[in-house]
Structures are given as structure tokens and as C-alpha cells.
2 protein chains.
Amino acid sequence: MQTPEPLGGARPTSRDVARAAGVSQATVSLVLGGKWRGRVSERTAGAVREAARELGYRPNLAARNLRLGRTRTALLVVPALTNEFFAHVHTGAAAAAARHGFGVVLYPSPDGVGPARDPFASAQAALDGVIASSMATDALDAFRGTDLPLVMLDSDPAGTGAAAHVNLDVADGMRRVTGHLLGLGHRRFLHLASAAPSWTFDVRADALARELRGTDVRTVRSPLNVADAREAAERALTDSGPRPTAVVCDDDILAAGVYKAARRLGLRVPEDLSVTGFDDMTLATVVEPGLTTVRLPAEEFGRRGMEALLAVLAGEPPRPETLPVALVPRGSSGPAPAA
Amino acid sequence: MQTPEPLGGARPTSRDVARAAGVSQATVSLVLGGKWRGRVSERTAGAVREAARELGYRPNLAARNLRLGRTRTALLVVPALTNEFFAHVHTGAAAAAARHGFGVVLYPSPDGVGPARDPFASAQAALDGVIASSMATDALDAFRGTDLPLVMLDSDPAGTGAAAHVNLDVADGMRRVTGHLLGLGHRRFLHLASAAPSWTFDVRADALARELRGTDVRTVRSPLNVADAREAAERALTDSGPRPTAVVCDDDILAAGVYKAARRLGLRVPEDLSVTGFDDMTLATVVEPGLTTVRLPAEEFGRRGMEALLAVLAGEPPRPETLPVALVPRGSSGPAPAA
DNA sequence: CCCCCGAGGTTTTACGTATAACGTGCGACG
DNA sequence: CGTCGCACGTTATACGTAAAACCTCGGGGG
């Protein structure tokens, strides 16, 4: 009342609130921090809250972070948000973070536009911890030498210096895919694998090899985009030797490339060629026929990653987790063509 | 050398570096801040840098932010990153930010999982400014009363309290679409519009109405997902009256729904029904036939938004921009069926 | 009557950084 | 020969918050 809100002035500080409420800055901090029970009278607390509201007071996060030595901010390191899967991972992580008063900041992928030599330069926020996907290990090197707690998403528990791990059971996913196709009579396979190196793809390849032992399996690698995948698939389906009757893809986007290749070659899906994907993104329901694929719980994945990090920060022992996946049969997989 | 790096110790501060280099903390700050020319000798500067490297010194961002009163961090407010368009916007904004030593933090969408009542609670980082999409105006309300500089992406320059605007020329995009379809002989249209309220969709609707004056146009609204779009389209295509020969969609994802509806109804695209989208996301190249759509420069959009914010922060006058868009004709649009 | 205690605050300090203000020698110049 | 100024640093301070340590006053027990 005495001093009306300064018009062009800067943001009010806790001291301004204190002045307005006729108390000391410490009292403001106690009341607004919620630790005033038994230390400040109800009446005074009310006055402080009123003054804070009146002035539109917002605590200065930089000052708070400095004082407390922590920021309630986690860094999420993923290859690219334009990959729908990681967009969902982010959504889950951000939601879990928000529930605990945490924020999430993204580490821009190195294959993204900006070079961003120094990871901390782009992640301006001071950090409490890091969550990283196994598909972004190169970016992760930048964090060696940092004592930040690290949670790895889908990576080999051995070797990484991570404090905790959350994995997707992609081996089981691949087993379900191969089981499904074997049951449909397929014996000649093409494995369209991701060219990007990552533990998760190694696991898929191992599981596939183990399950399809004794059958005819060829492997081709492609970057994760439709054009390259189409080209790789077209080449593999036209070269010498008996043509595979099923193509198992490491990712839905690769499967979309196979659809394109099949159309060019005059092959019908699934009558002439069965196709399976991995991830179950929007894409899988949009293509015709719908894509048989493995549904990964992306949001849950991000959520668990964040919860694991919060647990580590709280000093709780890391409890390794592996999330189940599910086969989603759609129209792209059918009986193997007779001979 | 004297004091080896403390093993379980905390992060070294600039004072630790100063001690190790035998200088004062101020000198460390000067050298590492790059403002030492003419103030510190080459030899001393080298010693400081050496000591910093030795100790693995990282400046405390919270302290720096507090001291400088700014954070070099911007908030990006978008509906959902799982929408590929906004993932690209983020990529562009983050890249431009990184080039200027800025970081980007995302405001989790309100329709996302976490409620996140207080926007600043989830955006833990202190902020220098806000970039917001017109499709997230509801979330924006939370920032009223904040004196943070605001840049609006694709919104009406009038009315918003934004310091700058960057727009996409979606009216021109819609004109190109309608011109394309009119040229192919179409005279009966269905406009599958977004149910989400946003200036950008109003502009599209206005442009469409203006260009198609004198023809038969019906409008149906749908949320931005395949299932709802299919249902809406199927209903609109089967109700009474002469069937439209072309469906103009506000978004590629809606167009994917139309594909599904057409298949159900036994209509061929484009022979019986032409379909157009908007955005040109991955989806547009994956469907069969390829989707005729309007390409929006999403990454550039985000880049310009961030650059506009940086300009505002630098005190430069806001220069309104409108980015051009392009029609991408693919297989989904063909001549209107005879009669 | 004195001492202690609890309620209800206040004073003070520290977090780590950037920078304004302030020395301090030494060579040069009037 | 005084002193001016430059090269090279140092000392001191402020940013806004949280919280430990401290004060003050009134009442109750010994």
C-alpha cells in the first residue's frame, strides 16, 4: 500500500515482499517455503502471502539454485525429437519430472543442426542429473568427467558408468516377431537393420539370429529414413538367390521403406511379402495395410527413466528394470506364399 | 600440483582455480570470461587456463545467472512435441539458440500428461524470454503478468501482447491448394478442418472460403488424429447430397484419416477423390499415393522465432516476418471425375 | 525471585560469479 | 626529479535466496 508496484521497475524480490508485509526477508522465505509451522504466526504468514500476491512476487530461480546447490532440472539426451518415439519418451519424462517439481531440458542431438561443441553451453541450465538413450552414446562422451548421476535408457548395464538402467525388453519383442512369422510358415527372411550403432539394435539382431537359427536369413543395414530404407530393401529383394518371404525391420520407418520397395517391384503386402516393424508409431497405422509391429511403451520408458533418476538423487539403491513390450499384429504379415 | 583434485570433493569453484594458479578469483573470472586483454599478462592467463583444465573446472551456471541477471535460456511453448511439425520447430529454435549460447526449455503442453499448474515450476530454469505457438495460447495465459519478452509464432499481430511476430504464409498456401484443385476441375469440396482453435486455422479457413466462393464447400472439424479424422470424413462423405470430389485438409494427419475413410468407402485416391494436406511431414511421403500438401518450413520457423527473440532481447526493433510456403503436388490430387 | 522455555520473529551468513573500484610498481616524459 | 600513466593485478561488493544462529518477551515452575 505504501509503495505501489514500481511501474517500469524490475521484478520484486523477497525483500520487497518483506518490506510490504512489514517483516524481515527471512520470514518471507520461511512462509513461502512452507517451513513456518511453529515459527511464524498465522496472521503474519497471511500478511506475507497477501503481500507476495499483491506484488506478483516470483522467486528468483537462479538465486534459489545457487543457494540450494541443486536445480531440480534433468538433462535428457536423445538422438532426435523428430523421431516420434523419442518425442514420447520426452513427454513421459517431462510429466514424471513435473510431478516432482523437476524440469527437463533437452540435449540437442549432435546430428542435429547446431554443432553445440560444449554440451553445457546449450544446456544452460545447471543440472542435477542426466538421462541418456543408448542411441546417443556419442553425445554422452561429453559428460564423462562430470560427476552428474546418470541413468541409461536401454543400454548394456555393464560398461557404462551409469547409476541406474531402464531397459525395454526388445529381445522378447524380436522373439515374438519371429515366432509370429515362423508360425505363418516363413523360412526365408530379410533383416532390415538400423545402420546406427546402438546396444538396442545389437540385442534385436542377437535375438533374431538365435530364434531363426536353421532358416535362411540375410541382413541389410540402412539409416533410419524412408528413402534409404526403400533403396536398401529394393536392392536386397532383387539380387540373386531365392527371394525372402518376410522382412523384419528394426524400426517402423524402415518398414515404410520396404512398402515402397515392394510397390516398385510389384510385390503385394502381405500376399507376396510379409513386413514387420518395431516401435508402433503413428506411421504403423497410417500405411496400407497396417503394419505388424512391436509396441514399445515409449512414454512409460521416459517416465521410468526420470523416476530412476529421482531415486538415485534421493540416495535410494538403483533397481534395474526391464519394461515389457507387445506384438501388435496387423495386415502386413500373412501366410508365407506357397513355394 | 600442491593440492591434488579432492577425490570425493565437490565441484571446483573459480576460487579453487585461483588458488591452484596462484592468482585471485577475480583474475580467473577475467581470463575465463575472455575480457582479460590488456588486464592480465599472457603468462598468467595461460596458468589460469591450465589450472582450470587440470581441475576440470566448470562455472556454476546458477551463480552466473544470478550475477548477470539473465540466463540465456528461452522457453518454447508448443502444443505437443509428438506432432512432428513442432519437433522440427524445436530443432530449429534450439539450433539458433545454440549458435548464440542460448538454451531452450520446453513448456510441457497442458493437454500432455502432467497438469503442471505452475508453468514456472516445470520450467525450473529462470528465463530470459518466451516463444509461443498460436496453437498453445491457453498455456500462454499462465505467462500474463510476467514481463518476459514474448515472440509469437503464427498468430494475429493484433491483440497479443507480443514483442514480435513470425508468421507462416498459410493463406498463400491455402490459395495454392485451391488453385491447384480448381485447375484440375474440382467444384465440390470438403474442408476437413482442425477442431483445435488457433489463428492459423482461421486464416486457412478464410483463405479457402475466399478462393472457393461460388463453388460447393462443406466444412467438417476433427481433432488432429487419424481415427477421429477417418470417422469425420467417412460421415461427411456418406451423408446426403452430391459427394465432394476433393477434400482439403488442415493437416497431413487429417488427410491420413481421409485415406482410411476412402478405402472403407471403396473410393480410389485420386481417381474418385482428391485429397490434400498441410505441413508436409514424413507421413505425406509414406502414404500411397503420396500426399499433395503444403510444405511449411518448420525448422526455419523455429529458427526465425528464436532470432526474433534474440533481437528483442538485444533491444532491436521487432521486424515482422512472414515465411513463404510451397505447394508440393504428389499423387493424391488428380482431375475431377467426370460428372 | 530467578531461571528457563517456547513462541515468534530477526540478524547474519553463505552459495559462486562478474565487475567496478582500487592499488602498485616501473618506464617515460616534461 | 616528480609525476603521470600504463600494465597487471587485487580487493570489495552485489546479485536473491535459504537457513542456521541468535534475540526478545512473557509466563510458569522451583
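Below, chain A is the first sequence line, B the second, and so on; all start at residue 1.
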(request) Specify the separation, in whole Å, of atom CH2 of W36(A) and atom P of dA20(D). (result) 19 Å
(message) Quick check on DNA chain C: between T27(B) and L66(B), whose nearest nucleotide comes earlier from the 5' end?
(response) L66(B)
(request) Starting from P on dT17(D), measure out to CG on D16(A) and report it in whole angstrom. (result) 9 Å
(message) Using whole Å, what does the distance between atom C1' of nucleotide dG16(D) and atom CZ of R70(B) come to?
(response) 17 Å
(request) Send over the distance from R43(B) CZ to dG9(D) C1', rounded to a whole Å. (result) 14 Å
(message) Counting only side-chain heavy atoms from C-beta out, which of dG16(C), dG9(C), dG16(D) sits nearest to N60(A)?
(response) dG16(D)
(message) Tell me whether the side-chain N/O atoms of S41(B) come closer than 4.0 Å to OP1 or OP2 in dG9(D).
(response) yes
(message) What is the distance, to the nearest angstrom, from the CG atom on L30(B) to the P atom on dG9(D)?
(response) 11 Å
(message) Could you walk me through whether E299(A) and R303(A) satisfy the salt bridge (Lys or Arg N to Asp or Glu O under 4.0 Å) test, starting with their C-alpha distance in whole Å, then the side-chain angles of each, then the deciding distance to 0.1 Å, before giving a yes or no?
(response) CA-CA 6 Å; E299(A) 247 183 71; R303(A) 217 196 78 203; over 6 Å; no
(request) Work out which heavy atom in R39(B) is nearest to a heavy atom in L30(B); give both atom names and the distance. (result) NH2-CD1, 3.9 Å
(request) Could you state the atom-to-atom distance from CG of L68(A) to C1' of dG16(C) in whole Å? (result) 14 Å
(message) Contact between R49(B) and L32(B) at the side-chain level, heavy atoms closer than 4.5 Å - yes or no?
(response) yes
(request) Check every atom of dG16(D), dT17(C), dT10(C) against the side chain of Q25(B) and return the nucleotide holding the closest atom. (result) dT17(C)
(request) State whether T13(A) places a side-chain N or O below 4.0 Å from either non-bridging phosphate oxygen (OP1 or OP2) of dG16(D). (result) no
(request) May I ask you to evaluate whether S14(A) reaches the phosphate of dG16(D), defined as a side-chain N or O under 4.0 Å from OP1 or OP2? (result) no
(message) Looking at T44(B), I'd like to know whether one of its side-chain N or O atoms comes within less than 4.0 Å of OP1 or OP2 on dC8(D).
(response) no
(message) In the structure I gave you, are the side-chain heavy atoms of S29(A) and S14(A) within less than 4.5 Å of one another anywhere?
(response) no
(request) Indicate yes or no: at least one non-hydrogen side-chain atom of T73(A) is less than 4.5 angstrom from one of F102(A). (result) no
(request) Identify which nucleotide among dT17(C), dT19(C), dT10(C) has an atom closest to any side-chain atom of V23(A), counting heavy atoms from C-beta outward. (result) dT10(C)
(request) Grab the CZ-P distance between R64(B) and dT19(C) for me, whole Å please. (result) 10 Å
(request) Grab the CZ-P distance between R19(B) and dT10(D) for me, whole Å please. (result) 14 Å
(message) With a cut-off of less than 4.0 Å, is there a side-chain N or O of S29(B) near OP1 or OP2 of dG16(C)?
(response) no
(message) Between the base of dG8(C) and the side chain of R39(A), is there a donor and acceptor pair under 3.5 angstrom?
(response) no
